[in-house]
Amino acid sequence: MIVALDTETFYSDEVSLKVQGIYQYLRHPQADLYLLSVVTDTGLEWAGHPKDFDWSQIVGEDVTWLSHNAAFDSMVVERMQELGHAPEDIVIKEWVCTADMAAALGYPRSLKEACQQMLGVELSKTVRDNMKGKRWGDMDIFFQQDVIKYAIDDSRYCLRLYQEHGDKFSKFERDISYLTRSMCSEGVPLDKEGIDRAITTLQTEIWEAKINIPWADREAILSPGAIRDECKKVGIWAPNSFAKDDPEAEKWEDEFHLQHAWIKAVRSYRRANKHVATLQAMRSRLREDGTMPYSLKYFGAHTGRDSGDAGINLQNLPKGEILGVDVRSMIRAPKGKTFVICDLAQIEPRVLHWLAGDTKMLQYIREIPDLYEAQARAWGLYSKDGALKDTDKALRHQIKQLALGLGYGMGAKKFASVSDVEPAEAERLVKMYRSKNPLITKLWRDLEDNLRSTAQDPNDTDAHFPLPSGRTLTYRKVSVDHGGLTAMIPRQGQMMRLGFWGGVICENLVQAVARDVFMDCCLRIAKLNETLYCPIIMRVHDEVVCQTIDDGTADLALEAITHIMSTPPEWAEGLPLGAEGSLSQCYKK
DNA sequence: CGCTGCTGCGCG
DNA sequence: AAAGCGCGCAGCAGCG
């Protein structure tokens with residue numbers, strides 16, 4: 001039996017997933033978990049208060065549950081169990097998230113968008129919008145009927161999405177989807193006192209910054225207009241952009257920051273404010289047991305990478321100390337436990353050479369542990385005996401920059417600006433990179449040719465790029481606009497037409513394959529738990545943070561995890577992986 | 001007031 | 001002919 005299940009809960013501007021995080025939201029004094037809707041493929045359609053439902057109807061060995069956003073609904077059911085509105089002993093064979101499924105198949109996640117794209121059905125969210133700010137008791141009988149109808153509809157469409165597309169949602173992807181949910185609901189351990197101290201430190205920074213900003217009392221502190229006005233007032237020129245990495249802004253800052261304290265103060269204010277918000281979110285989401293559950297969008301990027309969600313993003317915590325505060329270190333193992341932190345070394349350039357079929361480079365990479373030295377030797381730029389990192393740091397740095405950007409078609413102009421070399425030198429380096437890597441430039445051309453011919457295919461203008469893991473990267477409705485190629489991909493919750501060319505497709509493929517390699521490792525680490533318990537508590541694209549059950553198993557776990565991450569998946573024969581692991585009490589760079 | 005888009009900044 | 005890419009969040013500005 002297949003069971004689609006949806007829940008409706010009170011939400012408002014002040015009480016929401018985004019404000020409190022899922023755990024505190026469901027336990028907020030104003031929370032109301034008022035409706036459950038259940039639709040099965042055997043004809044059952046039910047909606048009402050969860051305590052009135054006969055849960056035994058949908059429990060059993062051969063039952064698959066579905067929800068559109070199972071991460072949410074599973075937490076709601078857990079809360080219903082705490083409240084005595086659902087039985088404690090529910091056993092579920094599999095709980096599939098159809099939002100995750102939509103994302104994995106290359107569509108937007110929301111039920112509305114997914115139904116439009118995958119079923120050709122237009123859904124109205126008017127009822128849901130009107131539910132905002134209302135508890136069940138606040139609704140009149142007519143609106144309650146609307147809500148019940150709406151909730152049943154949601155479950156019907158959730159079921160239909162699965163019935164029509166479920167066969168394309170592979171075991172591999174379902175397992176990752178499930179692993180993501182369980183990881184996030186377990187959460188990460190936090191250093192509560194450390195967070196409080198860090199917040200105080202940053203608030204002092206904010207206060208000091210404000211003292212140095214003349215317009216702080218009358219205008220928005222970060223207003224570009226206010227900053228320009230101040231420049232005019234004191235008689236100095238202003239850059240077009242104030243971005244930290246903008247060369248013009250850098251010059252402006254260098255020239256004037258000594259005479260005008262507000263220049264540095266604005267930057268400090270912006271950064272302190274940003275990070276204090278992160279710390280406050282962490283603080284407010286902390287549970288009694290010292291852990292913080294969090295959200296992660298499985299397949300948040302169209303390439304398959306995870307992305308952050310619901311107010312706090314553990315994928316972009318700053319590295320090292322900023323304004324006297326190390327945000328990462330607030331994620332701290334409790335006494336007696338240890339983190340195993342392990343990442344895939346330079347996964348993307350390795351995948352790039354592998355996809356390009358550059359066997360000569362792959363051989364160098366296998367023999368030389370330092371990827372950049374391997375590249376330097378393969379390209380004939382280095383032939384001495386010693387390790388490059390000991391003998392020529394400057395060359396190694398340059399190779400690193402080349403490997404990072406030039407593999408995806410970056411031009412000389414852009415390279416000059418990001419790597420700080422003269423335009424003529426950038427020109428030479430770009431030419432050199434391309435001449436030394438003919439297989440990579442061929443890959444760009446092949447991918448672009450593929451896209452271009454798809455645009456002209458009268459039967460199917462969707463471009464499908466099969467990946468080694470078995471999944472497919474899809475660009476829909478490819479067309480030629482003004483000579484350039486465009487296609488539809490999911491972006492910001494909806495299908496969006498964007499421009500593409502060989503370099504971009506190449507980068508997307510590399511990112512997607514790197515993601516599959518990484519997730520394959522994660523699944524193998526999860527399997528390790530059967531013999532050596534050390535669950536993953538965080539994933540950051542190519543890095544896992546695992547937590548040992550006790551210090552005694554830390555060395556064993558480190559060895560096992562590093563071994564797993566150095567071993568390519570079955571479907572990636574010949575891909576040379578490297579892994580770097582360490583033990584730590586806290587999350588760090 | 002709410003929505004959308006942009007900038008700035010953090011990560012891989 | 002020429003082109004690095006993928007995200008989220010805070011704050012601000014402009015629009016209706």
Side-chain angles (χ1 to χ4, degrees), chain A residues 13 18 103 129 132 219-227 239-246 249 266-278 280-281 294-297 299-320 322 327-328 343-349 351-352 401-415 417-419 430 433-434 440-441 444 447-448 473 482-485 489-494 498-512 514-515 518 538-544 587 589:
Chain A
D13 282 335
K18 200 155 177 158
D129 292 341
K132 183 174 174 180
E219 273 176 283
I221 293 176
L222 300 175
S223 156
I227 299 173
N240 286 317
S241 154
F242 293 101
K244 199 175 64 176
D245 302 324
D246 189 289
V266 167
R267 210 173 284 298
S268 295
Y269 177 88
R270 193 197 302 275
R271 296 176 87 195
N273 224 22
K274 178 178 159 80
H275 299 310
V276 89
T278 302
Q280 275 164 343
Y294 63 101
S295 293
L296 194 62
K297 251 185 236 147
F299 226 103
H302 77 103
T303 56
R305 294 227 295 208
D306 294 322
S307 70
D309 191 27
I312 188 152
N313 187 358
L314 297 190
Q315 311 268 302
N316 69 347
L317 298 180
K319 293 199 284 189
I322 282 182
V327 179
R328 288 190 178 206
D343 72 299
L344 289 168
Q346 310 95 19
I347 181 66
E348 292 204 357
V351 167
L352 174 61
Q401 287 190 322
L402 296 180
L404 223 61
L406 298 193
Y408 312 111
M410 188 190 278
K413 220 166 90 184
K414 178 109 181 191
F415 187 70
S417 76
V418 300
S419 67
V430 169
Y433 180 91
R434 294 183 184 179
I440 290 175
T441 55
W444 303 341
L447 294 170
E448 192 162 320
L473 203 59
H482 305 99
L485 289 158
I489 58 160
R491 212 8 124 69
Q492 289 158 24
Q494 53 189 317
L498 296 173
F500 292 97
W501 61 92
V504 181
I505 303 287
C506 176
E507 197 284 336
N508 287 178
L509 285 179
V510 168
Q511 190 178 106
R515 174 269 185 190
F518 175 67
M538 274 176 78
R539 298 195 301 246
V540 189
H541 307 306
D542 62 1
E543 170 190 47
V544 290
Y587 180 43
K589 63 175 171 183

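By convention in this document, chain letters (A, B, ...) are assigned in the order of the sequence lines, proteins followed by strands, and residues within each chain are numbered from 1.
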### Task
Consider the side chain of A:Y408, meaning its heavy atoms from C-beta on, and name the nucleotide among C:dG4, B:dG8, B:dG12 that approaches it most closely.
C:dG4

### Query
So what does A:Q346 touch, heavy atoms closer than 4.0 Å: a base, only the sugar-phosphate, or nothing?
nothing

### Query
Nearest to the side chain of A:S307, which nucleotide is it out of C:dC7, C:dG6, C:dG4?
C:dC7

### Query
Between C:dG4, B:dC11, C:dC7, which nucleotide has the shortest distance from any of its atoms to the side chain of A:W501?
C:dG4

### Message
Could you check whether any side-chain N or O of A:W444 sits under 3.5 Å from a backbone N or O of A:I505, counting only pairs where one atom can act as donor and the other as acceptor?
### Response
no

#### Entry: First encountered from the 5' end of DNA chain B, between A:K132 and A:I322
A:K132

### Query
Contact class for A:L317 vs. all strands (heavy atom < 4.0 Å): base, sugar-phosphate, or nothing?
sugar-phosphate

Polar atom pairs between nucleotides 13-16 of chain C and protein, under 3.5 Å, N or O only, would you list them?
from	atom 1	to	atom 2	distance (Å)
C:dA13	OP1	A:S223	OG	2.5

### Task
Measure from the side-chain N and O atoms of A:R267 to the backbone N and O of A:F242, and report whether any donor-acceptor pair falls under 3.5 Å.
yes

### Among B:dG12, C:dG8, C:dA3, the one nearest A:N313 by side-chain distance
C:dG8

### Query
Does a side-chain N or O from A:K297 land closer than 4.0 Å to OP1 or OP2 of C:dG8, or not?
yes

### Query
Closer than 4.0 Å, any side-chain N/O of A:T303 to the OP1 or OP2 of C:dG6?
no

### Task
Could you please name the partner base of C:dG4, counting Watson-Crick and G-U wobble pairs only when both distances are under 3.5 Å?
none

### Summary
Taking B:dG12, C:dA10, C:dG8 as options, the one with an atom nearest any side-chain atom of A:V540 is B:dG12

### Task
Report which part of the nucleic acid A:R267 touches: base, sugar-phosphate, or nothing (heavy-atom distance under 4.0 Å, all strands).
sugar-phosphate

### Query
For C:dA3, does either OP1 or OP2 sit under 4.0 Å from a side-chain N or O belonging to A:K413?
no

#### Entry: Salt bridge present between A:K319 and A:E543 (N-O < 4.0 angstrom)
no

### Task
For A:I221, answer base if it contacts any base atom (sugar-phosphate contacts may also be present), sugar-phosphate if it contacts only those atoms, and nothing otherwise; contact means non-hydrogen atoms under 4.0 Å.
sugar-phosphate

### Query
With a non-hydrogen cut-off below 4.0 angstrom, is A:G411 in contact with a base, only sugar-phosphate, or nothing?
sugar-phosphate

### Message
Can you see if the side chain of A:H541 gets near the phosphate of B:dC11 - specifically, an N or O under 4.0 Å from OP1 or OP2?
### Response
no

### Query
For the side chain of A:K414, counting heavy atoms from C-beta on, which of C:dG4, C:dA10, B:dG8 is nearest?
C:dG4

### Query
Rounding to a whole Å, what distance do you find between A:D306:CG and C:dC5:P?
21 Å

### Message
Expressed as a whole number of angstroms, how long is the span from A:K589:NZ to B:dC11:P?
### Response
9 Å

### Message
Rounded to whole Å, how long is the line connecting atom OH of A:Y294 with atom P of C:dG8?
### Response
16 Å

### Query
Whole Å only: how far is the OH atom of A:Y269 from the C1' atom of C:dC12?
12 Å

### Query
Any side-chain N or O of A:R271 less than 4.0 Å from the OP1 or OP2 oxygen of B:dG8?
no

### Query
According to a strict under-4.0 Å criterion, is A:R491 in side-chain N/O contact with OP1 or OP2 of C:dC7?
yes

### Query
Across the strands shown, which category fits A:G502 at heavy-atom distances under 4.0 angstrom: base, sugar-phosphate, nothing?
nothing

### Message
Check this one for me: any side-chain N or O of A:R539 less than 4.0 Å away from OP1 or OP2 of B:dG12?
### Response
no

#### Entry: OP1 or OP2 of B:dG12 under 4.0 Å from side-chain N/O of A:N316
no

### Message
What's the closest nucleotide to the side chain of A:N273 if the choices are B:dG12, B:dC9, C:dG11?
### Response
C:dG11

### Summary
Applying the 3.5 Å cut-off to both distances, the Watson-Crick or G-U partner of B:dT7 turns out to be C:dA10

